[in-house]
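Worksheet: one structure, shown below.
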Amino acid sequence: MYALGKQRLASGAQAMASALMAACVAVCVALVVVLGLAACTPVPNGPGPTFTATTATPTTPLSTGQPTVTWSTATRPLPGESGPQGSKPGAGPTPAVIERARRAKEILETCLQGELTFRPPSPMRQGETREFVLHVTLGDPGEGHEKNIPGPNPVQTREPIVCEEMRADLSGPGMTIERAGNPSGEMLVPVEGVAEWRWWITPKESGRKTMTLQLFATAEEGPDLSLETFREDIQVEIELGYVLNALVKDWAQPLGLTIPVLIGAIGALLVWSRSKRRKAKHAANTTP
């Protein structure tokens, strides 16, 4: 009986060990499955890529070449705008921005390589006022149109991008530049003949100055747009002689004086002033 009981106890222990082993194996398999699924589950690692719509704007080209498109409406506003109201980075363009981009594309599609003509005004004199005239055409400017451009210098010609409606601007530091004619500067450019812009230039400072000439394609209808298609810097040498000539003309000539006489008088006055200062300084050093 004792041997039979001992055998039964051994059989029960063996069965219990087998059950524990099976349970351990099941737990391990479950853990492996769970960990594998967790490793395969995609984990967010930040926001996905954002796409911003782009619209057309011209860069500042040289004298020729089609304007290129470069800005994004989500980061840079259209010309003359501070940006869409309430826009955020990554947000889509507003209807107003889309309309302006569509209109800009329509304008640039009608542009052609035209012709631009002017006479450089250099040299000029300080205080002198001179007229600067610009001719622009889409096709044939007409024979002899250069005669309507005043100035002693030879005519210079450029081949910019020209559209149906353009605006020409002229600016420069150290000068007073006043537009003659239409204050807005906008004009329709003909296929035959020329569109003509005029300015009055008065240098206020002597030395080498730079005038900047610009052309903009504008919109006759729809949103207000200004797309730059041409830019050139014009160097102007400003002499000082005009002020002296005006002084002689207004004051010296009525008194019968000429420029050599006036210059001699000014030189003699300077020599006399220096000698007087020298004598005063010598007297101060020898006084007891």
From Met175, Glu128, Arg125, Glu205, residue fulfilling side chain to side chain contact (heavy atoms under 4.5 Å, CB included) relative to Ile238
Met175
Just checking, is any N or O donor in the side chain of Ser226 or Arg167 under 3.5 Å from an acceptor N or O on the other one?
yes
Close side-chain approach of Lys204 and Thr202, heavy atoms under 4.5 Å
yes
Atom CD1 of Ile149 and atom CD of Gln156: how far apart are they, to the nearest 0.5 Å?
11.0 Å
How long is the span from the CZ atom in Phe230 to the CD atom in Gln214, to the nearest 0.5 Å?
10.0 Å
Could you measure the distance from the CE atom of Met211 to the CZ atom of Phe118? Nearest 0.5 Å is fine.
8.0 Å
Ser122 backbone acceptor or donor facing Asn153 side chain under 3.5 Å
yes
Heavy-atom side-chain proximity of Phe216 to Asp169 below 4.5 angstrom:
yes
Minimal non-hydrogen separation, Arg179 against Ala168, with atom names:
NH1-O, 2.8 Å
Show, in sequence, the C-alpha distance, side-chain angles and deciding distance for Thr117 and Leu134, and conclude whether the side chain to side chain contact (heavy atoms under 4.5 Å, CB included) test is met.
CA-CA 6 Å; Thr117 311; Leu134 175 70; over 6 Å; no
Between Asp233 and Thr210, is any side-chain donor less than 3.5 angstrom from a side-chain acceptor?
no
For Pro93 against Val97, the heavy-atom pair lying closest together:
CB-CG1, 4.1 Å
Pairing donors with acceptors under 3.5 angstrom, does anything connect the side chains of Gln126 and Glu239?
no
Side chain to side chain contact (heavy atoms under 4.5 Å, CB included) between Leu227 and Leu108, worked out
CA-CA 9 Å; Leu227 310 175; Leu108 294 177; 3.9 Å; yes
Quick one about Thr212 and Ser171 (side-chain donor to acceptor, distance below 3.5 Å, no hydrogens or angles considered), yes or no?
no
In this structure, are over 12 heavy atoms from other groups packed under 6.0 Å from Glu146 atom CD?
yes
Under a single-linkage definition using a 4.5 Å side-chain heavy-atom cutoff for Ile, Leu, Val, Met, Phe, Trp and Tyr, are Val162 and Val133 assigned to the same hydrophobic cluster?
no
Does the side chain to side chain contact (heavy atoms under 4.5 Å, CB included) test come out yes or no for Glu165 and Val189, once each step is laid out?
CA-CA 6 Å; Glu165 183 178 354; Val189 181; over 6 Å; no
With side chain to side chain contact (heavy atoms under 4.5 Å, CB included) as the test, would you mind laying out the steps for Gln235 and Arg208 before giving the verdict?
CA-CA 7 Å; Gln235 302 297 323; Arg208 175 173 293 183; 3.6 Å; yes
When rounded to the nearest 0.5 Å, the distance separating CD1 of Ile201 from CD1 of Ile234 is 8.0 Å
First locate atom SG of Cys163, then atom CG of Leu215, and finally report the distance between them rounded to the nearest 0.5 Å.
9.5 Å
For Arg102, is there an ion pair with Glu106 - N to carboxylate O distance below 4.0 angstrom?
yes
For the pair Arg158 and Glu115, find out whether any cationic side-chain nitrogen is under 4.0 Å from an anionic carboxylate oxygen.
no
Please give me the minimum heavy-atom distance between Glu186 and Asn182, naming the atom from each residue.
O-ND2, 3.0 Å
Say you draw a straight line from CG of Leu138 to CE of Met166; how long is it, rounded to the nearest 0.5 Å?
8.5 Å
Using modelled atom types and a 3.5 Å cut-off, is there a donor and acceptor pairing between side-chain atoms of Trp197 and backbone atoms of Gly185?
yes
Quick one: does Glu196's side chain get under 4.5 Å of Arg198's, heavy atoms only?
yes
Going hydrophobic residue to hydrophobic residue with side-chain gaps under 4.5 angstrom, can you get from Val136 over to Val194?
no
Show the nearest heavy-atom pair for residues Pro150 and Arg119, with the distance to one decimal.
O-CD, 3.5 Å
Minimum heavy-atom distance Ile177-Trp199, with the two atoms named:
CG2-CD1, 3.9 Å
Minimum-distance pair of heavy atoms, taken over all atoms of Thr137 and Gly193
OG1-O, 2.7 Å
